[in-house]
Amino acid sequence: YSSPQHNKTSRRELLLIRWEEERSTDGSKWRFLEHKGPVFAPPYEPLPDKVKFYYDGKLMKLAAPAEEVATFFAKMLDHEYTTKDVFRKNFFKDWRKEMTSEEKSKITDLNKCNFAGMNEYFKAQSEARKQMSKEEKQDNERILQEYGFCIMDNHKERIGNFRIEPPGLFRGRGDHPKMGMLKRRIRPEDIIINCSKDSKHPKPPPGTKWKEVRHDNKVTWLASWTENIQGSIKYIMLNPSSRIKGEKDWQKYETARRLKKCVDRIRNQYREDWKSKEMRIRQRAVALYFIDKLALRAGNEKEEGETADTVGCCSLRVEHINLYPKLDDQEYVVEFDFLGKDSIRYYNRIPVEKRVFKNLQLFLENKQPGDDLFDRLNTSILNKHLQELMDGLTAKVFRTYNASITLQQQLKELSSDDSVPAKILSYNRANRAVAILCNHQRAPPKTFEKSMQNLQTKIDEKQKQLSAARKQLKAAKAEHKASHDDKSKKAVEVKRKAVQRIEEQLMKLQVQATDREENKQIALGTSKLNYLDPRISVAWCKKFGIPIEKIYNKTQREKFAWAIDMAEKDFEF
DNA sequence: TCCCCCACTTAGAATGGGGAGT
DNA sequence: ACTCCCCATTCTAAGTGGGGGA
């Protein structure tokens, strides 16, 4: 950052030009890739004998394999998961697979297992670890330096997840049929390494082998393995600050900006299609309208019974919507109520155009609650159609586009003469509007009520202070009225200032309380990280002289380095 | 056309570490 | 120095969407 602005900019522009040129060739993602391979979970250490496990009230010593799996459960005792039937059932089934035949014949009922001793032991352990955190920190740092980076095309790049996931109990979100199942330990023999032929290949731990070493530069991952719960592949990939991720991110926003140029045409088109003679075209047009207007996800089909029952737009079922020809003072209201990604509930009531409403009534005819709303549509059909409307257009581009354009519009409406803290508050409001659009929710933090109470206490105290200060001011005024001397005049001024200061402090606390309350169930991070073109925020900061640190923390600045360099104050999404 | 596989982005929860307040 | 709380970071699950083969 020591170089002059114009140099920095042109360097970055050149880099982007280079990115673009390199991209357009043969689909290869890199020319050289060298890394040290992943870091494995530490081997299991059997519990000391003082840690007791009881079955049916009787002390029992488990052999290492069953003991290890028992510790996974014991560590989660305080978690709600361990009270759920499905979790317990899946856990117990998988746990029994790890038992010796003797253990298996004795342990037949999970309810008779007492893990309390183990649980206490691990709590004590994590306390102890906190005490000696210095050494551990150094250790982590050493591992990070050794395994946390790779060389890709002449650049040292940070790896995102260089540690292999440790074994444990699967924690699915929502009503997941597989929750509690044993996630098995990953060994070197499970790992496929990807690197360049002419690089120094990573060595497997002594006495082990990799499953495979390949040299595929059409993909970006450094290592992969197949996970045993869903049978899906997991990858080790680079950090968001890397060239390969940044470039992709930039492309994503460029595609969304291209959508901006033709979105009017597309909107007119789907409105026309609401009138089509063909059912499949009407369904496609209504679904696209929802994706555009409500920022719904595409909604791929899912394998029944393998995952939680969640839906997106194309997979909506009859039971997920209600139609109200009239509701309160509005006409043609559609009520949505379904579980989306991560089993987050989407609930919304929106008035739609009459034509959409009539179409929905048509789609619902002769259907059961469990039937598909759009029975002639799926994401593949929709995306093929979108591809014809614009090169590179898919359903998810609408989410990116609508999120980013919303932020830009909201920021434009702000008054420019606010103070910096007021501007930042407004920025967060705009961010929040996007998070609400995208339905980014979170569980209220466990400490939420308490921290709100603390804040309220502060506010109450401040209010008391204020009324005391006001009384003093009043007294000082009376004093001055009586004496009319300079000293009392000064005293009035002093008291007036104090009142003003306390008023400001109170205001600040109240704003903070409002902000926190409004954020109770809303997660801002996801939209900031994945949907809002960072150049909008960077341009806004530059235009109003707001330090970028007020908007993006260190990690975010690293991820968005390309945008921070590239965007000038007049950038338009 | 359908299905399955693969690679990648997007997601909320859990964890950890450091700073503010006492 | 200590505690508590908050935010950054880490973790890994859960989506999207393309491609290939039956």
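Computed from a predicted structure; not experimentally measured. In what follows, every chain begins at residue 1, and chains take the letters A, B, ... in the order their sequences are listed.
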* OP1, OP2 of dG17(C) versus side-chain N and O of Asn383(A): anything below 4.0 Å? -> yes
* Asked: Between dG17(C) and Lys384(A), is there an OP1 or OP2 to side-chain N/O distance shorter than 4.0 Å?
  -> no
* Is the base of dT9(B) touched by the side chain of Lys396(A) through a donor-acceptor pair closer than 3.5 angstrom? -> no
* **Parallel, tilted or perpendicular, as decided by the 30° and 60° cut-offs, for the rings of Phe115(A) and Trp95(A)** => tilted
* Distance test, side-chain N/O of Ser380(A) to OP1/OP2 of dG17(C), below 4.0 Å -> no
* Asked: Given the rule in the ring pair (Phe, Tyr, Trp, His ring centres under 6.0 Å) test, do Tyr531(A) and His440(A) qualify, once you have shown the distances and angles that lead to the verdict?
  -> CA-CA 11 Å; Tyr531(A) 287 103; His440(A) 291 142; 5.6 Å; yes
* **Between dA13(C) (C1') and Met237(A) (CE): distance, integer Å** => 14 Å
* **Nearest-Å distance for atom pair CZ/C1', residues Arg173(A) and dA11(B)** => 6 Å
* Between Phe87(A) and Tyr81(A), is the gap from one ring center to the other below 6.0 Å? -> yes
* Asked: What is the distance, rounded to the nearest whole Å, between atom CD1 of Ile344(A) and atom P of dT10(B)?
  -> 17 Å
* When you look at NZ of Lys260(A), are more than 12 heavy atoms from neighbouring residues, nucleotides or ligands closer to it than 6.0 Å? -> yes
* **Length of the line joining Asp309(A):CG and dG15(C):C1', which is rounded to integer Å** => 15 Å
* Is any side-chain N or O of Thr220(A) closer than 4.0 Å to OP1 or OP2 of dA7(B)? -> no
* Do the side-chain N or O atoms of Lys341(A) get closer than 4.0 angstrom to the phosphate oxygens (OP1, OP2) of dT9(B)? -> no
* Structure fact -> Ranking dG15(C), dA11(B), dT9(B) by distance to the side chain of Arg399(A), first place goes to dA11(B)
* Asked: Lys178(A) side chain N/O closer than 4.0 Å to the phosphate oxygens (OP1, OP2) of dA13(C)?
  -> no
* Structure fact -> Rounded to whole Å, OH of Tyr401(A) lies from C1' of dT16(C) at a distance of 21 Å
* Asked: Quick one: is dT16(C) close enough that its OP1 or OP2 comes under 4.0 Å of any side-chain N or O from Asn300(A)?
  -> yes
* Structure fact -> By nearest-heavy-atom nucleotide on DNA chain C, the more 5' of Gly174(A) and Ala395(A) is Gly174(A)
* Asked: OP1, OP2 of dA11(B) versus side-chain N and O of His440(A): anything below 4.0 Å?
  -> yes
* Are His215(A) and His201(A) near enough that their ring centres are under 6.0 Å apart? -> yes
* Asked: So, is Lys252(A) close to the dT10(B) phosphate, meaning a side-chain N or O under 4.0 Å from OP1 or OP2?
  -> yes
* To do: Output yes when at least one side-chain N/O atom of Ser224(A) is less than 4.0 Å from OP1 or OP2 of dC6(B), else no.
  => no
* Structure fact -> Rounded to whole Å, the CG-C1' distance (Asn519(A) to dC7(C)) equals 13 Å
* Asked: Looking at Thr379(A), does any N or O in its side chain come under 4.0 Å of the phosphate oxygens OP1/OP2 on dT16(C)?
  -> no
* **Value in whole Å for how far the P atom of dG17(C) lies from CD of Glu301(A)** => 13 Å
* Between P of dC8(B) and CD1 of Ile233(A), the distance in whole Å -> 11 Å
* To do: Answer yes or no: does a side-chain N or O of His79(A) lie under 4.0 Å from OP1 or OP2 of dA13(B)?
  => no
* **Test applied, ring pair (Phe, Tyr, Trp, His ring centres under 6.0 Å); reference residue, Phe560(A); option that passes from Trp250(A), Tyr552(A), Tyr253(A)** => Tyr552(A)
